[in-house]
Structure formats: structure tokens, C-alpha cells
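One structure is given here, and the rest of the page talks about it.
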Amino acid sequence: MSLNETPRGERIHIGFFGRTNAGKSSIINAIANQEVSIVSDIKGTTTDAVFKSMEISGIGACVLIDTAGFDDDSNLSEKRIEKTENILERTDIGVVVFADDDISQELEWIEKLRAKKTPVIAIINKIDENKNTKLLQHKIEKINLRAISVSAKEKKNIQKIIEELRNIALDIKESSICGHFVKKDDVVLLVMPQDIQAPKGRLILPQVQTIRDLLDNKCIVISVTADNLEKAFKILKEPPKLIITDSQVFAKVYEQKPQESALTSFSVLFSRHKGDIDIFVEGAYSISNLKNGDKVLIAEACSHDPLDGDIGRIKLPALLRKKTRADLDIQVVSGNNFPIDLSEYSLIIHCGSCMFNKKYVMNRVEQARNQGIPITNYGIAIAYMNNILEKIKK
Ligand SMILES: Nc1nc2c(ncn2[C@@H]2O[C@H](COP(=O)(O)OP(=O)(O)OP(=O)(O)O)[C@@H](O)[C@H]2O)c(=O)[nH]1
Ligand SMILES: [Mg+2]
């Protein structure tokens, strides 16, 4: 990711679904006005999902996701369809491309999107050669969708797709990370961990995003490492309105902070921004029910982030075992490897998900809730185990 780009986790994810050869890649190329995906008349040209980050006027920062056709019948079809299913989990707006009279599979996928409350746009492609557009349109109307008829080849009506995406994007509310806690001119103190673990010259993404959000909210932002906390309080004329700390030094900051200053953590802010904080708090309380032999699933968004890896694989398990005094069976998964069946687990602890979009996290939360499994996240679980969950501004 370039430093000038909006992180992918903050972009609207637009997933394109349809049969092989429907013209998904051609439509994406027409929208992006460049060759994002390879187009060919061989069915199954797109194998792995292709992510194209771009800015569309009126939509803002988004990611167009090209997927493998859902009727892929190659040897690898199962794996590919699984991947397409995974894209469905992350999709904020689903675009379903129709190009065949038999629309049974398309309807199935629309159902899947609707079950996740994902808005759907129907597109009939290849109107330059398809004689049955009217009939197709009629069939699609029956499921309360109005199809946009286009020709990716002749670049006809592509603008209509963009307009429709824009209309829907307006309804997907952009949430501020700190907006509900702060107002203009508030002094906000950020406490970074003493041993800044990010690569040299960098800060980690949640910290960068929080600073940007506070500046957007016209706050006065001061950053310190935990060892300079006392000094910062001394030089400030008034106690800061809000202190946002790294969870790992939460207890220390709580002890030292002026009473008037509200205290929260980066991970608590992101629990709200990227998930459902009430569910996560409820999930954290279930830590007290864990007993010998219980299975706990720790899920990380990044597959090879040494920072989260350290928390997820070492610190969190140690803290859990210490707190519960139970012999727990703790398993760690990363990236897209989130099990479908969660029934064997007594608790799921998810990372802060700065690399995932909210929709993806919420689909996992929903999945856990549907199976009756408590779910929480790193920040909230750590706060609970350090006995500070009650003291945090949520
Ligand atoms: N006539 C016509 N042909 C089109 C149109 N859009 C795409 N095609 C052709 O249809 C074929 C398949 O297009 P792709 O964009 O590769 O289709 P896809 O849905 O991405 O296919 P897979 O990657 O195999 O799933 C190519 O030969 C395209 O040139 C269109 O609007 N009209
Ligand atoms: Mg393709």
C-alpha cells in the first residue's frame, strides 16, 4: 500500500459475480477504463479474485473485486467457488452479471447477497448480441431488481452502472473512528507503546487512521510514548479531554491519568469502527466461563503480521491461561481461514481487523452469533482480563 492510498479496509468493496464468460472482467475494465483483469472467450479466465483499488467520483475510495465464475467446472472449481464465496463475505455492494437465459444460479447468488443484507445491482451484459434482453429483464424484475443493460464490449451504459453504484454508496454510511467521543478543539492525548513495534519510520495503521480522524474532527492531537506520559500531563495546562492508549499499557495509563480525562484504547475505538462493540463486550465476559479442555479460536486478519502474531500467538494465550487458570485448547487461524462450523469453540477472539472492511468482520460476528458462540476481539478481551473493561470509555 502506498502512503498516499486509503487503506483497503476503509474502502467500499464492490464484488462482481456471474457465470464464466458473462463479461465480469470486461465490465470491470470498462468501469476502471484500464485492463485490470484479463478478458478472453475461454470460460474460467479469471481464476483468483482480482482486487483493483480506485477512486470513483461520488463513490470515493473503493475496491472493485473480480471473481471466478460461479459455474467454474474445472478441476479446481471447488477451490475457486470457495474463494468467490469468501469475496461475498467482504462485499459491500454486489454486482451480478447476467448473460444467459437460465438465471437459476444468478438468483441463488442474489439470495446469498441479500441474506447478508448486501445491496445488489443486476446487469445484463452483451446487449449488442443478446436478443433476449427484454425477457431477461422481465425475469429479473420478478425478484424486485431493475437490471441495467450494458455492452462492455461497446462501452455502452457503463456510466449507468457507475451512477447506480454511486446511489448505493451514498447509503453506506462512512463512520468516524472517534467522532462520537470528541468535538472541535478537544485536546486528545495519544499514548503509543514505549517500544514502538512498527517498522522503522512507520506507525501502525490504527494509530495513523486515528490521528487523521481526530484532525478531521478538528481536535488538537498530542502523541507520546508511555514513558513520557507524566511530562505530557505536566506541560498541558488542562487535562486532555480524551486519552487514547495502546491496550498494552492501559493499566499504567489508567493509574497516571487525571481523573477528568476519559480513557479509551485504539482497539476499543476500532471495535466500534470495525465491528459491534456491545457483542464484543458480551463475548469478553464469557472468558470467565472457560474451563479445562475448552477450545478458543483466535482469528487474525493478517497472515504474517509479526505485531499481531505476537499478541495473538503468545501474549493473548498466556493471559487467557493465567486469567482462567484453565488448560485451554487455543487455536490460531489467520487471513481467510475462518472455519464455517464454529460449534467446537467456546469463544472466538478476533484481532482488531484494521486490514478487513467492516462488512467482513460483521459477517463473522453474525456467523458466530448464529451458532451461539461468544465472540470478542483482542482489545476488549485484553481490557477485560486486565480488569479495566468497566473503566474504559466505550
Ligand atoms: N459481444 C460482446 N462480447 C462481450 C461483451 N463483454 C464481454 N464479451 C466477451 O465475452 C467473453 C468473456 O468476457 P470476460 O470479461 O472474460 O468474462 P468473465 O465473466 O470475466 O469470464 P471468466 O473470467 O471466465 O469468469 C470475452 O470474449 C469478451 O470479449 C459484450 O458486451 N458484448
Ligand atoms: Mg473474468
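We number each residue from 1, following the sequence as shown. Both counts, for ligands and for their atoms, begin at 1 and track the order of listing. Just so we're clear, the structure is a prediction, and the values are computed from it rather than from any experiment.
- Between the side chain of K274 and the backbone N or O of F356, at least one donor-acceptor pair lies under 3.5 Å.
- Looking at T46 and S37, their side chains never bring a donor and an acceptor atom within 3.5 Å of each other.
- Scored by the side chain to side chain donor-acceptor pair (under 3.5 Å) test, D216 finds R212 as partners (sequence neighbours excluded).
- Closest to atom 20 (O) of ligand 1 among all protein heavy atoms lies S25 OG, 2.8 Å.
- Each of the following atoms of ligand 1 lies closer than 4.0 Å to a heavy atom of I42: 24 (O).
- Looking only at distances, no side-chain donor or acceptor of N125 sits under 3.5 Å from a matching main-chain atom of V97.
- Heavy atoms of G44 come nearer than 4.0 angstrom to ligand 1 in at least one pair.
- Note: Y285 and Y384 have perpendicular aromatic rings, judged against thresholds of 30 and 60 degrees for the angle between ring planes.
- Protein heavy atom in closest approach to atom 6 (N) of ligand 1: N125 ND2, 3.1 Å.
- For the residue pair S247/S267, the side-chain donor-acceptor check at 3.5 Å is satisfied.
- Taking a cutoff of 4.0 Å between a charged side-chain nitrogen and a carboxylate oxygen, R364 and E89 do not qualify as a salt bridge.
- For atom 32 (N) of ligand 1, the closest heavy atom belonging to the protein is D128 OD1, 2.8 Å.
- At a threshold of 2.8 Å, the Mg ion (ligand 2) has a backbone or side-chain N, O or S atom of T46 nearer than that distance.
- Under 3.5 Å, the side chains of Q331 and Y345 contain a donor-acceptor pair of N or O atoms.
- We find that E282 and R369 are joined by a salt bridge, their nearest charged nitrogen and carboxylate oxygen being less than 4.0 Å apart.
- Remark: among candidates A99, S26, G18, the nearest residue to atom 13 (O) of ligand 1 is S26, based on non-hydrogen atoms.
- Between I27 and ligand 1 there is no heavy-atom distance shorter than 4.0 Å.
- The part of K43 lying near ligand 1 is the backbone, judged by heavy-atom distances below 4.0 Å.
- Remark: the N29 side chain and the K52 side chain contain no N/O donor-acceptor pair separated by less than 3.5 Å.
- Taking the six-membered ring for Trp and thresholds of 30 and 60 degrees, H273 and F270 have ring planes more than 60 degrees apart, a perpendicular arrangement.
- Taking only nitrogen or oxygen atoms, main chain and side chain alike, E154 does not reach within less than 3.5 Å of ligand 1.
- Looking from atom 21 (O) of ligand 1 to the surrounding protein, the closest heavy atom is N21 N, 2.8 Å.
- Taking backbone and side-chain atoms together, S25 has an N/O/S atom less than 2.8 Å away from the Mg ion (ligand 2).
- For atom 26 (C) of ligand 1, the choice among S37, S151, S40 with the nearest heavy atom turns out to be S40.
- Close approach of ligand 1 to G69 is summarised as follows: ligand atoms under 4.0 Å from at least one heavy atom of the residue are 25 (O).
- Checking E129, K155, K126, K156 against atom 4 (C) of ligand 1, the nearest heavy atom belongs to K126.
- By the 3.5 Å distance cut-off applied to N or O atoms, G23 is counted among the residues near ligand 1.
- For R19, the closest heavy-atom approach to ligand 1 falls below 4.0 Å.
- Checked by atom type and distance alone, the side chain of K241 never pairs as donor or acceptor with a backbone atom of D186 at under 3.5 Å.
- Of the listed options V39, I127, T45, D71, V39 places a heavy atom closest to atom 29 (O) of ligand 1.
- A salt bridge links R313 to E300: one of the charged nitrogens lies within less than 4.0 Å of a carboxylate oxygen.
- For atom 25 (O) of ligand 1, the closest non-hydrogen atom on the protein side is K24 NZ, 2.8 Å.
- Taking distance alone, with nitrogen or oxygen atoms compared against 3.5 Å, A152 approaches ligand 1 more closely than that limit.
- The shortest N/O to N/O separation between D66 and ligand 1 does not fall below 3.5 Å.
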